2 protein chains.
Amino acid sequence: MYSRAVKLSSFFGLAVRRHRQLLRLSQEELAARAVIDRTYISGVERGVRNPTLDVMERIAASLGVGLDVVFATARELSAERENE
Amino acid sequence: MYSRAVKLSSFFGLAVRRHRQLLRLSQEELAARAVIDRTYISGVERGVRNPTLDVMERIAASLGVGLDVVFATARELSAERENE
DNA sequence: CTGTGACTAGAAGTCCGTA
DNA sequence: CTACGGACTTCTAGTCACA
């Protein structure tokens, strides 16, 4: 509760991972769609990269959704962690 | 209608501008809150910049919302343009 | 299939000033 | 207050070898 302006940055990668797994895609397949290196996707999902809007857009598009959907998922994931 | 994976990237800046104006903040004030250069905010709002997740997060937080909200606004703005 | 460290060209982001 | 430019520093984008 009381989740004003939670840092979604760390959850963006997890949201990407969730969407990717829902589509039964491997990191390699997603990377191919987004025209991004496989290891880069790995870094994004783990939160060790700080991607630009352009890259994020390409990833979201390759997941068949918009960034608003990805960030909505990110918030859901962050909300789950709040019950602790 | 039927807006699958619209490019929200170009509307992110406009969404930021809308949120900022709703708060009656100047670009300078927003920049100060987000600890970002004044001229950079200007560039982001005009869509001539390609900000990183970190910066976008700080901007959204300084607007009192999360990135999911900003991108939801971005989608609304893009939807308005679709009626043409 | 995925995680990780290291590397470099080029873009992100800062800071100055002008209109 | 904001748009825009140039010069500068910091960091990301993109890639590879290896585990």
Side-chain angles (χ1 to χ4, degrees), chain A residues 5 7-68 70-71 73-74 77-78 80-81, chain B residues 5 7-68 70-71 73-74 77 81:
Chain A
K7 271 190 186 173
L8 298 183
S9 45
S10 13
F11 291 94
F12 174 76
L14 295 178
V16 168
R17 176 163 289 179
R18 170 163 289 188
H19 279 280
R20 176 175 63 79
Q21 293 176 335
L22 284 174
L23 294 176
R24 313 260 177 177
L25 290 175
S26 67
Q27 290 182 347
E28 288 177 335
E29 292 168 326
L30 174 58
R33 289 192 184 190
V35 194
I36 294 176
D37 194 77
R38 167 187 70 79
T39 66
Y40 193 80
I41 297 288
S42 171
V44 168
E45 288 191 359
R46 283 176 294 125
V48 301
R49 292 278 188 165
N50 184 25
T52 58
L53 180 54
D54 175 71
V55 168
M56 295 166 71
E57 186 76 43
R58 275 151 57 199
I59 293 177
S62 299
L63 290 171
V65 294
L67 278 177
D68 55 337
V70 177
F71 277 108
T73 302
L77 291 173
S78 72
E80 293 176 8
R81 291 264 172 136
Chain B
K7 273 191 186 172
L8 299 182
S9 45
S10 15
F11 291 94
F12 174 75
L14 295 179
V16 167
R17 175 163 290 180
R18 170 163 289 188
H19 279 279
R20 177 175 65 78
Q21 294 177 333
L22 283 174
L23 295 177
R24 312 260 177 174
L25 290 175
S26 67
Q27 290 181 348
E28 288 177 335
E29 291 168 326
L30 175 57
R33 289 191 184 190
V35 193
I36 294 175
D37 194 75
R38 161 183 64 84
T39 67
Y40 196 77
I41 296 287
S42 170
V44 168
E45 290 191 357
R46 282 177 293 128
V48 301
R49 290 284 188 167
N50 184 26
T52 58
L53 178 53
D54 175 69
V55 166
M56 295 167 71
E57 185 75 43
R58 277 151 54 197
I59 293 176
S62 299
L63 291 171
V65 295
L67 277 176
D68 54 337
V70 177
F71 277 108
T73 301
L77 291 173
R81 292 264 171 134

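Every chain is numbered from 1 and lettered A, B, ... according to where its sequence line falls, protein lines coming before strand lines. Just so it is clear, the structure is predicted and the values come from calculations on it, not from any experiment.
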Determine whether a donor-acceptor pair (N or O, by modelled atom type, separation under 3.5 Å) exists between the side chain of B/Arg38 and the backbone of B/Glu28. no
Could you tell me the separation between the CD1 atom of B/Ile59 and the P atom of C/dA12, rounded to a whole number of Å? 13 Å
As a test of reading the structure: which of C/dT2, D/dG14, C/dG3 is closest to the side chain of A/Glu28, going by heavy atoms? C/dT2
Atom CG of B/Asp37 and atom P of D/dT10: how far apart are they, to the nearest Å? 15 Å
To the nearest angstrom, how far is B/Ile41 atom CD1 from C/dT14 atom P? 9 Å
Within the structure shown, what part of the strands sits under 4.0 Å from A/Val48 by heavy-atom distance: base, sugar-phosphate, or nothing? nothing
Is there a donor in the side chain of B/Thr39 and an acceptor in the side chain of B/Asp37, or the other way round, less than 3.5 Å apart? yes
Nearest to the side chain of B/Ser26, which nucleotide is it out of D/dT2, C/dG13, C/dT4? D/dT2
Out of C/dA6, C/dG13, D/dA3, minimum distance to the side chain of A/Arg49 belongs to C/dA6
Assign A/Ile36 to base, sugar-phosphate, or nothing according to its heavy-atom contacts below 4.0 angstrom with the strands shown. nothing
When you measure from the side-chain N and O atoms of B/Thr52 to the phosphate of C/dA12, is any distance below 4.0 Å, counting only OP1 and OP2? no
Rounded to the nearest Å, what distance is computed from the CG atom of residue A/Asn50 to the P atom of nucleotide C/dG10? 21 Å
Got a donor-acceptor contact below 3.5 angstrom from the A/Arg20 side chain to the A/Val16 backbone? no
For atom CZ of B/Arg20 and atom C1' of D/dT2, their distance in whole Å: 9 Å
Under-3.5 Å donor-acceptor pair between B/Ser42 side chain and D/dC4 base: no
Both A/Arg38 and B/Arg38 contact DNA chain D. Taking the nearest nucleotide for each, which residue is further toward the 5' end? B/Arg38
Between P on C/dA12 and CE on A/Met56, what's the gap in Å once rounded to a whole number? 14 Å
The answer to which of A/Asp54 and B/Glu45 contacts DNA chain D further toward the 5' end, by nearest nucleotide, is B/Glu45
Whole-Å distance separating the CG atom of A/Leu30 from the C1' atom of C/dC1: 13 Å
Using a 6.0 Å cut-off, check whether atom CZ of B/Arg58 has over 12 heavy atoms from anything other than its own residue. yes
With a 4.0 Å cutoff (strictly under), does any side-chain N or O of A/Arg17 reach OP1 or OP2 of C/dG3? yes
Interatomic distance where CZ belongs to B/Arg58 and P belongs to C/dG13 [whole Å]: 8 Å
pair A/Leu67-A/Phe12: side-chain heavy atoms closer than 4.5 Å: yes
